[in-house]
Amino acid sequence: MSVLRVGNASGFYGDRFSAMREMLTGGELDVLTGDYLAELTMLILGRDRLKDPGAGYARTFLRQLEECLGLAHERGVRIVANAGGLNPAGLADSVRALAERLGVPVRVAHVEGDGLGAAHPGALAANAYLGGFGIAACLRAGADVVVTGRVTDAALVTGPAAAHFGWAPTEYDRLAGAVVAGHLLECGAQTTGGNYAFFQDGDVRRPGFPLAELHADGTSVITKHDGTGGFVDVGTVTAQLLYETGGARYAGPDVTARLDTVRLGQEGPDRVRVSGVRGEAPPPTLKVGLNRLGGFRNEVAFVLTGLDVEAKAALVRAQLEPALGKIADVRWDLVRTDRRDAATEETASALLRLVVRDADQQVVGRALSGAAIELALASYPGFHVLAPPGKGAPYGVFEDVYVPHGAVDHVAVLHDGRRVTVAPPQAQDTVALAQVPEPPLPQPLPPGAVRRAPLGLVAGARSGDKGGDANVGVWARTDDAWRWLAHELTADRFRELLPEARDLPVTRHQLPNLRALNFVVEGILGEGVAAQARFDPQAKALGEWLRARHLDIPESLL
């Protein structure tokens, strides 16, 4: 059967608004996808729905469709997006109303059943991560636009692929290939040079969005429209492949993809072939993301300029201690951004950050802000703050739990109103997850001269969040660099280089085909991104910190 060209126009809720039009006008496409959901987004949509029961979906998607729905219809491009959030039926109705107002004859379907709020009454949002076969059912029935609630990000690609090629639920290798392609597309421009460790390899001022040319055997080519910015090479694809993953088994509701089988090859300019992907039966359970309100949070950053920074910080802490005694969670961080004999006031200054959390908004709000601002004329010399503390803002807490496939009613609501239940896999068609045995290490480099230098001179990295955990994927650009990296960067050395992980569980996974190591750091993000327990709450820059650390690197690699 023909190649299926699937593009992406959104990697998160708030991504480039014009991307949908750019993808529709930039070249040929069969399907255009959009990923609007993340753990934090579900919390935001949950709060929206508290104010308005008719809300709960990504309104940006509707505004994009207002200028692009007719264009997609003219070009025969189907649109698949998870913008339905907590209210996919509501979004589908809004799309129909928009299409009628615009006079565009499109068939709109949606997927539902992910919402499990009734089973988790304390949660603001409780949603299972569904697979792609509900999307496939909608497309097979003739839908032009399919909106979903919480599906896996990769399902936006596996669904169209299964529909187009007629894949059965047990064709695991093909499905796994589509999962990998979906994972490579889901974050938009991160595959075309955005947020890339070696960004200076190309012009990434305005990277284009990626697309995948999918084949019936599950292989794909990752590329972008001609003439768009950024670049696609083995490095950009490797970086995204490692993003927010764990071990060699990448589990999903439809299939477990074996990341240790992925092979990448540069096929031409801005074209990377993805092949060799093996798949296994999915695990017997579905992941469910739970978002709840954790309480209220407040923050103030004191600016400490010039001499005696530590003594100034100690004074502020002592002065505020009486006001903080009733607060459940108090965190101080002294960030030494100051330099000796600095040429500017800013570079002569350090920051003392105070972050407080409590179930009582009053405790972290007016009581704290009053105590902090009252110090304005009664504390250390040069007292000022970056901004006055506010009244205390609510924060969220994320956790994941697992339920049997049969606990979820996965339903495709077709464009004509028919409801099609998507059967869960049978018990005999699931396999519990287990760690893949560690592959043998490559031969070490022969002994030779070394030089103290940053890791980033020979390795790339990309990091991200998964609930309270973070992952850091590190890859080498040459075979010799891989031989050194695989021996040098152990889990213990990782902890040494990143002291914030020193007392945390760190698991290292090898992916030799990618010349890569993937580290999972448990608990470094506390209760998740919405809790904002850390300076970098989504661990986006954890990999860049690692690349900036110095090691003894063989001179032959430098």
Side-chain angles (χ1 to χ4, degrees), residues 8 11-12 35 37-39 129 131 151-158 175-188 190-191 195-197 210 212 220 222 234-264 272 274 276-280 282-283 287 289 400 433-436 438-439 459-476 485 489 491 494 501 505-522 524-525 528-529 538-540 542-543 546:
N8 170 276
F12 68 100
D35 179 11
L37 302 183
E39 293 160 1
Y129 289 70
V151 296
T152 64
D153 301 337
L156 300 174
V157 172
T158 60
L175 288 168
V179 163
V180 169
H183 178 58
L184 292 171
L185 296 188
E186 69 184 60
C187 288
Q190 278 197 171
T191 299
N195 301 351
Y196 181 51
S220 63
I222 306 302
V234 169
T236 67
V237 173
T238 298
Q240 176 56 28
L241 189 57
L242 295 172
Y243 181 65
E244 293 183 344
T245 60
R249 286 190 165 103
Y250 185 60
D254 297 322
V255 64
T256 294
R258 289 287 298 264
L259 299 184
D260 56 340
T261 64
V262 178
R263 294 192 177 277
L264 305 177
V272 173
V274 183
V277 187
R278 301 297 303 274
E280 300 171 344
K287 177 180 174 180
D400 51 54
L433 284 179
Q435 291 288 351
V436 173
E438 279 290 288
R462 178 167 284 168
S463 55
D465 63 308
K466 277 297 181 185
D469 302 339
N471 94 290
V472 183
V474 186
W475 75 95
L485 184 72
L489 195 56
F494 181 96
V506 175
T507 304
R508 184 182 102 147
H509 304 279
Q510 288 187 61
L511 298 168
N513 283 0
L514 304 175
R515 296 192 296 232
L517 303 170
N518 202 6
F519 295 88
V520 177
V521 187
E522 296 180 33
I524 194 170
L525 303 180
V529 54
Q538 289 182 280
K540 297 291 189 183
L542 198 60
L546 179 66

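Being a predicted model, the structure only gives us computed values, none of them experimental.
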Between the main-chain N or O of [Y] and the side-chain N or O of [X], is there a donor-acceptor pair closer than 3.5 Å?
| X | Y | value |
| --- | --- | --- |
| Asp400 | Lys287 | no |
| Arg249 | Ala434 | yes |
| Asp260 | Val262 | no |
| Arg258 | Ala176 | no |
| Ser463 | Gly543 | yes |

So which heavy atom on [X] is nearest to which on [Y], and how close?
| X | Y | value |
| --- | --- | --- |
| Ala155 | Gly131 | CB-C, 3.6 Å |
| Pro439 | Pro512 | CG-CG, 3.7 Å |
| Thr256 | Pro282 | OG1-CA, 3.8 Å |
| Pro283 | Leu433 | CB-CG, 4.2 Å |
| Leu184 | Leu241 | CD2-N, 3.7 Å |
| Thr191 | Gln240 | OG1-CG, 3.3 Å |

Nearest 0.5 Å please: distance from the [atom1] atom of [X] over to the [atom2] atom of [Y].
| X | Y | atom1 | atom2 | answer |
| --- | --- | --- | --- | --- |
| Asn518 | Thr245 | CG | OG1 | 4.0 Å |
| Thr236 | Ile222 | OG1 | CD1 | 9.5 Å |
| Asp35 | Leu156 | CG | CG | 6.0 Å |

Partners of [X] by ring pair (Phe, Tyr, Trp, His ring centres under 6.0 Å), sequence neighbours excluded?
| X | result |
| --- | --- |
| Tyr129 | none |
| Tyr243 | none |
| Phe519 | Phe494 |
| His509 | none |

Residues forming a salt bridge (Lys or Arg N to Asp or Glu O under 4.0 Å) with [X], sequence neighbours excluded:
| X | answer |
| --- | --- |
| Glu244 | none |
| Arg508 | none |
| Asp153 | Arg150 |

Report the residues that fulfil side-chain contact (heavy atoms from CB on, under 4.5 Å) with Ala470, sequence neighbours left out, ordered by chain and then residue number. Ile524, Leu525, Ala539, Leu542
Listed partners of Ala516 passing side-chain contact (heavy atoms from CB on, under 4.5 Å), at least two apart: Leu242, Trp475, Leu511, Leu514
Please lay out, stage by stage, how Lys466 and Asn471 fare under the test side chain to side chain contact (heavy atoms under 4.5 Å, CB included). CA-CA 8 Å; Lys466 277 297 181 185; Asn471 94 290; 5.9 Å; no
Partner residues of [X] under the side-chain hydrogen bond (donor to acceptor under 3.5 Å, both in side chains) criterion, sequence neighbours left out:
| X | answer |
| --- | --- |
| Gln510 | Glu438 |
| Asp465 | none |
| Thr261 | none |

If we only count heavy atoms from C-beta on, is the Val274 to Leu264 side-chain gap below 4.5 Å? yes
For the side-chain contact (heavy atoms from CB on, under 4.5 Å) test, which of Val277, Val255, Val180, Val179 pairs with Tyr250? Val179
